[in-house]
Amino acid sequence: MSSEITPRANAPLLHLFQGKAVRLIGKVTEVRGETATLDAAGSVTVYATRDSNFKEGNVYEVIGRVQPDLSLKMLDGIDFGTNIDMDNANALAELSQRHHEIFFDK
């Protein structure tokens, strides 16, 4: 992975970043082969890497490139387990947009 800036996003914010890499925290609701569906204030389809092992019910931070259909092509990811407050994760994504000068350059 390059040193590309990866702003935080959730499902409602993905349209702002088509073609760009983002960080998204979401809870896995479904796994089908190399595709996972995450709940990140809305449903997001993630096209996983071959070595990712998504577990339903766990929360992941996915670094991925936003596709034209607002899915993510996964570049990297971290399993955060099950003890994550998704309200806080979504609030962080929203705040990082409102105060982007602290988090990233637009």
Side-chain angles (χ1 to χ4, degrees):
M1 175 113 191
S2 70
S3 61
E4 182 177 5
I5 293 172
T6 52
R8 295 201 175 273
N10 58 17
L13 297 172
L14 288 176
H15 72 280
L16 299 173
F17 300 104
Q18 288 186 32
K20 297 180 181 172
V22 297
R23 292 178 179 266
L24 179 136
I25 297 174
K27 184 174 187 176
V28 177
T29 58
E30 183 178 28
V31 179
R32 287 188 174 198
E34 293 180 7
T35 303
T37 303
L38 276 64
D39 180 8
S43 185
V44 178
T45 300
V46 176
Y47 295 98
T49 59
R50 293 191 190 276
D51 60 341
S52 59
N53 293 310
F54 285 113
K55 294 181 192 172
E56 285 187 30
N58 281 20
V59 175
Y60 289 78
E61 179 178 56
V62 173
I63 299 171
R65 190 155 314 277
V66 181
Q67 303 302 298
D69 65 356
L70 303 184
S71 65
L72 289 180
K73 182 177 180 186
M74 184 175 179
L75 302 171
D76 201 0
I78 300 169
D79 184 348
F80 283 170
T82 57
N83 193 19
I84 296 291
D85 185 327
M86 287 304 300
D87 289 335
N88 285 341
N90 286 312
L92 178 59
E94 297 288 338
L95 283 170
S96 72
Q97 294 305 306
R98 269 188 267 156
H99 303 286
H100 62 86
E101 64 279 358
I102 296 171
F103 297 95
F104 64 96
D105 293 327
K106 274 196 169 183

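Hydrogens, waters and symmetry mates play no part in the numbers below; they use all other heavy atoms, side chains included.
Across all non-hydrogen atoms, the minimal contact from Ala40 to Pro12 is O-CD, 3.8 Å. In terms of heavy-atom proximity, Ala11 sits nearest to Leu24 at N-CD1, 4.2 Å. Nearest heavy atom pair, residue Ala89 against residue Ile25, reads CB-CG2, 3.8 Å. Closest of all the heavy-atom pairs between Ala9 and Ala93 is C-CB, 3.8 Å.
Interatomic distance, Ile5 CD1 to Lys20 NZ, rounded to the nearest 0.5 Å: 10.0 Å. With rounding to the nearest 0.5 Å, the separation of CZ in Phe54 from CD in Glu34 is 11.0 Å.
Under a hydrophobic clustering in which Ile, Leu, Val, Met, Phe, Trp and Tyr are joined whenever their side-chain heavy atoms come within less than 4.5 Å, directly or via other members, Ile84 and Leu92 fall into different clusters. The cluster map of Ile, Leu, Val, Met, Phe, Trp and Tyr, joined by side-chain heavy atoms under 4.5 Å apart, puts Leu16 and Val46 in the same cluster. Connection of Leu75 to Tyr47 is not established within any shared hydrophobic cluster, with ILVMFWY side chains joined at heavy-atom distances below 4.5 Å, either directly or through further cluster members. Residues Phe17 and Leu38 share a hydrophobic cluster, clusters being chains of Ile/Leu/Val/Met/Phe/Trp/Tyr side chains in contact below 4.5 Å. Linking ILVMFWY residues whenever their side-chain heavy atoms come closer than 4.5 Å, directly or via other members, leaves Met86 and Val44 in distinct clusters.
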Report all side-chain donor-acceptor pairs from residues 59-70 shorter than 3.5 Å, counting only partners two or more places apart or in another chain.
from  : atom 1 : to    : atom 2 : distance (Å)
Tyr60 : OH     : Asn53 : O      : 3.2
Tyr60 : OH     : Lys55 : N      : 3.0
Tyr60 : OH     : Asp79 : OD2    : 3.3
Glu61 : OE1    : Arg23 : NH1    : 3.3
Glu61 : OE2    : Arg8  : NH1    : 2.6
Glu61 : OE2    : Arg8  : NH2    : 3.4
Arg65 : NH1    : Glu4  : OE2    : 3.3
Arg65 : NH1    : Gly19 : O      : 3.1
Arg65 : NH2    : Glu4  : OE1    : 3.0
Gln67 : NE2    : Arg65 : O      : 3.1
Asp69 : OD1    : Ser71 : N      : 3.0
Asp69 : OD1    : Ser71 : OG     : 2.6

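With hydrogens and angles disregarded, no donor-acceptor distance shorter than 3.5 Å links the side chain of Thr37 to the backbone of Thr29.
At least one side-chain heavy atom of Asn58 sits less than 4.5 Å from a side-chain heavy atom of Thr82.
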If you apply the rule side-chain contact (heavy atoms from CB on, under 4.5 Å), what do you find for Leu72 with Leu14, and how did you get there? CA-CA 9 Å; Leu72 289 180; Leu14 288 176; 4.3 Å; yes
